[in-house]
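Encoded as structure tokens, the structure appears first; notes follow it.
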Amino acid sequence: MAKTRVRFAPSPTGFVHIGSLRTALYNYLYARNQGGDFILRIEDTDRERFVEGAVENLISVLEWAGLRPDEGPRWGGACGPYFQSERTETYRHYAQELLKKGYAYYSFDTPADIEAMRARAKAAGNPYAKYNFANRMEMRNSLSLPPAEVEEAIADGTPYAIRLLVPEGRKFEVEDEVRGHVVFDSKEVDDQVLLKSDGYPTYHLANVVDDHLMEITHVIRGEEWLSSVPKHLLLYEYFGWQPPKMAHLPLIFNPDGSKMSKRDIQSLEALPPGKVDPDVASYIRRGYEKSAILNCIALLGWNPGEGDDRQVFSLDELVQEFSLGRINKSAAIFDLKKLNWLNKEHIMRRSPESIAAAVRAMPEAEALGEIDQAYLLGVVGLLHERLHFIGDFWRMAGYFFKDPESYEAEALQKRWSPETAPLLQELSREFEAAGVFAAAEIEQALRTVAERHDLKGSLLIHPLRLAVTGLSVGPGLFELMELLGRETVLRRLTLAIKQVPMILGIG
RNA sequence: GUCCCCAUCGUCUAGGGGUCAGGACUCGGGAUUUUCGAUCCCGUAACAGGGGUUCGAAUCCCCUUGGGGACACCA
């Protein structure tokens with residue numbers, strides 16, 4: 001059996017759409033699962049839509065995601081070039097072959113001619129006229145014109161396109177891997193332009209020719225392509241080629257059911273109601289874990305099946321479990337809440353070392369100078385489970401590296417009374433006297449002082465947290481103090497005992 | 001308009017003739033805790049509608065409705 005070969009074939013129109021990333025992911029997963037090849041091919045045959053830097057952007061997103069192609073523009077391969085714009089000779093050759101076999105014909109119609117034809121049809125009550133067997137003999141093409149006139153036009157350099165000759169009364173049947181049996185009637189497909197008058201091929205020709213030449217075995221792409229399957233099937237038939245297997249993926253929509261559009265979004269933080277950002281780069285910038293994004297979109301239209309309730313998957317696990325047969329037919333809505341939850345789950349599964357490394361790479365770390373690795377790992381240990389984004393780390397970790405410069409005003413009002421300072425003073429002496437400055441001993445010291453004054457522990461704990469961290473919330477207080485160390489804690493207590501009453505204007 | 005695709009909790013989904021229709025996210029409640037978070041319990045919530053087929057339909061068939069896609073010398 002032939003080696004499985006799949007391709008991701010985007011057109012570089014600027015940004016990478018979430019749906020596009022999922023198509024790439026499914027192709028990648030299938031290739032890896034089957035031990036096959038994953039090919040990247042750039043479909044840049046529309047020079048009017050060329051966007052500067054789009055290819056670079058695309059490749060960088062793929063690399064970021066870890067979906068590394070086996071063949072492609074950056075990676076080379078036996079079937080290159082992988083830019084369709086560099087393969088125009090090939091397409092011309094195959095268009096000629098079709099012409100020779102009588103499966104395609106020259107079309108000299110100008111855009112105005114076609115517009116006029118459609119306008120006539122519209123007036124006659126057909127709003128979406130096709131260029132096909134019903135009217136092709138009324139148009140200007142090599143079927144309707146006398147041979148001499150055709151030759152003359154070509155010799156003159158009259159612009160022409162090459163169109164596919166679609167027969168009347170044919171049925172086209174596909175066995176789609178996700179949709180099952182689908183039938184089309186040839187009266188629904190028009191004499192598609194294969195080669196444009198600028199010499200570039202249309203998607204349909206280039207796609208079929210390349211998929212064949214690149215020995216693609218499975219075409220996995222969005223549902224928007226389902227209705228052009230008959231054209232492709234006809235082309236394979238005309239060329240005498242074996243068509244690949246097809247899998248048309250369900251679409252992904254906004255929460256309000258609309259199409260995901262870049263136009264709706266200004267920033268990820270200010271999403272219009274019911275909308276979601278389609279640009280993968282936005283999520284990367286926001287600091288989402290790549291594994292969480294991949295996990296999230298993988299689940300949009302696929303699941304591991306009965307008896308497997310797992311929601312959290314690494315890329316490797318997805319590769320392990322993936323199959324075309326478990327792809328859903330119905331469109332899915334992108335759910336940011338679930339992405340957020342998955343993001344946290346993926347952070348939880350990261351090792352403290354990898355988080356420490358990520359956190360060291362951030363600019364805030366640089367400002368702190370030398371950071372002791374064991375100490376950093378200690379901080380990560382305390383903060384790990386409360387991180388929603390790795391990027392939140394330094395906002396939460398400040399007091400582990402610097403004495404508080406201020407205290408949360410509201411919490412101070414609530415937790416600090418005139419009796420607090422003397423109590424903390426007493427606590428401070430207790431800490432000084434303690435043998436080991438570890439969580440259990442710290443708590444023991446605190447409970448001792450509380451009992452001595454017949455107070456609830458919380459009456460000491462809250463102001464103590466404020467004094468030591470400046471904040472009202474955070475990890476377990478005793479653990480945090482142990483990590484900070486006795487010296488730092490005593491210093492901060494002294495500082496707070498002096499400053500807080502001044503701030504509050506008491507004592 | 002024509003053709004094609006789709007239809008289970010708000011969302012992602014399992015289940016494909018006999019299930020109390022299961023899980024996850026969200027939301028609500030509780031437990032725990034020095035706080036936040038995490039965790040653990042508990043709860044709310046669905047087979048779009050109508051016809052068939054069948055002893056029996058969420059499941060198979062048909063229709064309706066709703067949603068989506070395609071109908072370019074764009075991909």
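We name chains A, B, ... by the order of the sequence lines, and we start the count at 1 in each one. Just so it is clear, the values below take in all heavy atoms, side chains as well, and ignore hydrogens, waters and symmetry mates. Bear in mind the structure is a predicted one, so any value in this text is a computation, not a measurement.
- If you find the closest nucleotide of RNA chain B to A/Ser330 and to A/Glu479, the one lying nearer the 5' end belongs to A/Ser330.
- Taking a pair to require two hydrogen-bonding distances under 3.5 Å in either a Watson-Crick or a G-U wobble arrangement, B/C71 pairs with B/G1.
- A/Arg163 comes within 4.0 angstrom of the backbone, heavy atoms only, and of no base.
- Aromatic ring centres of A/Trp225 and A/Tyr203 lie closer together than 6.0 Å.
- Phosphate contact (OP1/OP2 of B/G15, side-chain N/O of A/Arg326, threshold under 4.0 Å): present.
- Nearest to the side-chain atoms of A/Asn328 among the listed nucleotides B/C74, B/C4, B/A14 stands B/A14.
- If you check the side chains of A/Asn27 and A/Arg7, you find no donor sitting under 3.5 Å from an acceptor.
- Picking from B/A72, B/A75, B/A38 the nucleotide with the shortest atom distance to the side chain of A/Asp190 gives B/A72.
- Computed from coordinates, the A/Phe313 CZ to B/C12 P distance equals 17 Å when rounded to whole Å.
- For the C1' atom pair drawn from B/G51 and B/G30, the interatomic distance equals 47 Å after rounding to whole Å.
- For the P atom pair drawn from B/G28 and B/U65, the interatomic distance equals 39 Å after rounding to whole Å.
- A 6.0 Å sphere centred on CD of A/Gln320 holds no more than 12 heavy atoms belonging to other residues, nucleotides or ligands.
- Applying the 3.5 Å distance criterion, the base of B/C73 shares a donor-acceptor pair with the side chain of A/Ser197.
- Across all strands, A/Gly476 comes closer than 4.0 Å to base atoms (heavy-atom distances).
- For A/Gln192 and B/C73, the CD to P distance is 7 Å, given to the nearest whole Å.
- There is a side-chain donor-acceptor pair under 3.5 Å between A/Tyr91 and A/Asp210.
- Look at CH2 on A/Trp302: it is 13 Å from C1' on B/A14, rounded to the nearest Å.
- Partner assigned to B/U11 is B/A24, using Watson-Crick or G-U wobble distances below 3.5 angstrom.
- Minimum atom distance to the side chain of A/Arg179 is reached by B/C5, of the listed B/C5, B/C71, B/U34.
- Using a 4.0 Å heavy-atom distance criterion, A/Lys259 is classed as a sugar-phosphate-only contact.
- A/Thr158 and A/Asp156 share no side-chain donor-acceptor pair at under 3.5 Å.
- Here A/Tyr200 lies out of heavy-atom contact (under 4.0 Å) with every strand.
- Listed nucleotides: B/A75, B/C12, B/C73. Nearest to the side chain of A/Leu300: B/C12.
- Among the nucleotides B/U34, B/C74, B/C4, the one closest to the side chain of A/Asp46 is B/C74.
- Separating the C1' atom of B/U8 from that of B/A46 is a span of 6 Å, rounded to the nearest Å.
- Across all strands, A/Thr13 comes closer than 4.0 Å to no nucleic acid atom at all (heavy-atom distances).
- For the P atom pair drawn from B/G68 and B/C61, the interatomic distance equals 24 Å after rounding to whole Å.
- Counting any heavy atom pair closer than 4.0 Å across all strands shown, A/Leu477 reaches a base atom.
- In this structure, of B/A75, B/U35, B/C4, it is B/A75 that holds the atom nearest to the side chain of A/Glu224.
- Contact annotation: the side chain of A/His453 never approaches that of A/Glu419 to less than 4.5 Å [non-hydrogen atoms, C-beta and beyond].
- B/C40 and B/A48 are spaced 32 Å apart, taking the P atom of each and rounding to whole Å.
- Among the atoms of the strands shown, none is found under 4.0 Å from any heavy atom of A/Pro304.
- For A/Glu408, the side-chain contact (heavy atoms from CB on, under 4.5 Å) test picks out A/Ala411, A/Leu466, A/Leu471, A/Ser472, with sequence neighbours left out.
- With both ends at atom C1', the span from B/U54 to B/C12 equals 33 Å, rounded to whole Å.
- At the phosphate of B/C74, OP1 or OP2 sits under 4.0 Å from a side-chain N or O atom of A/Lys196.
- Not counting sequence neighbours, the partners of A/Val312 by the side-chain contact (heavy atoms from CB on, under 4.5 Å) test are A/Asn295, A/Trp341, A/Leu342, A/Glu345, A/His346, A/Arg349.
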Only pairs under 3.5 Å count here: list side-chain donor-acceptor contacts from residues 138-145 of chain A, not counting sequence neighbours, and write none if there are none.
residue	atom	partner	partner atom	Å
A/Asn141	OD1	A/Leu143	N	2.9
A/Asn141	OD1	A/Ser144	N	2.8
A/Asn141	OD1	A/Ser144	OG	3.2
A/Asn141	ND2	A/Tyr131	OH	3.0
A/Asn141	ND2	A/Arg136	O	2.8
A/Ser142	OG	A/Tyr106	N	2.9
A/Ser144	OG	A/Met139	O	2.4
A/Ser144	OG	A/Asn141	N	3.1
A/Ser144	OG	A/Asn141	O	3.2

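- Residue A/Arg447 is classed as a sugar-phosphate contact, given heavy-atom separations below 4.0 Å to backbone atoms only.
- Between B/C9 and B/G15, the two C1' atoms lie 14 Å apart (nearest whole Å).
- Nucleotide B/U39 forms a Watson-Crick or G-U wobble pair with B/A31, both donor-acceptor distances falling under 3.5 Å.
- There is no side-chain donor-acceptor pair under 3.5 Å between A/Thr202 and A/Lys196.
- A stacking contact links A/Tyr128 to B/G1: the aromatic ring centre lies within less than 5.5 Å of the base's six-membered ring centre, and the planes differ by less than 30°.
- Aromatic pair A/Tyr200/A/Phe50: ring centres not closer than 6.0 Å.
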Would you mind building the protein contact string for nucleotides 23-29 of chain B? One character per nucleotide, 5' to 3', B for base within reach (heavy atoms under 4.0 Å), S for sugar-phosphate only, - for untouched. BBSS---

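- Listed nucleotides: B/A75, B/A38, B/U34. Nearest to the side chain of A/His388: B/A38.
- Each of B/C74, B/C4, B/G68 was ranked by its minimum atom distance to the side chain of A/Thr202; first place goes to B/C74.
- Which of B/A72, B/A14, B/C4 sits closest to the side chain of A/Arg118 comes down to B/A72.
- Checked against B/U39, B/A70, B/A72, the side chain of A/Ser227 finds its nearest nucleotide in B/A70.
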Walk along nucleotides 42-47 of chain B from 5' to 3' and tag each nucleotide B, S or - by protein heavy-atom contact under 4.0 Å, base first, then sugar-phosphate. ------

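- Residue-level contact check: A/Lys456 touches neither bases nor backbone, having no heavy atom under 4.0 Å from any strand.
- Nucleic acid contact for A/Gly474: base, since at least one base atom lies under 4.0 Å from a heavy atom of the residue.
- For A/Lys262, the NZ atom sits in a packed shell: over 12 heavy atoms of surrounding residues, nucleotides or ligands are nearer than 6.0 Å.
- Within the nucleic acid shown, A/Pro475 comes within 4.0 Å of at least one base atom, counting heavy atoms only.
- At the phosphate of B/U13, neither OP1 nor OP2 sits under 4.0 Å from any side-chain N or O atom of A/Asn303.
- At the heavy-atom level, A/Val183 lies under 4.0 Å from the strands shown only through sugar-phosphate atoms.
- Remark: A/Val489 pairs with A/Phe431, A/Phe437, A/Val468, A/Met481, A/Leu484, A/Leu493 by the side-chain contact (heavy atoms from CB on, under 4.5 Å) rule, at least two apart or across chains.
- The 5' end of RNA chain B is approached more closely, in terms of each residue's nearest nucleotide, by A/Ala332 than by the other of A/Ser472 and A/Ala332.
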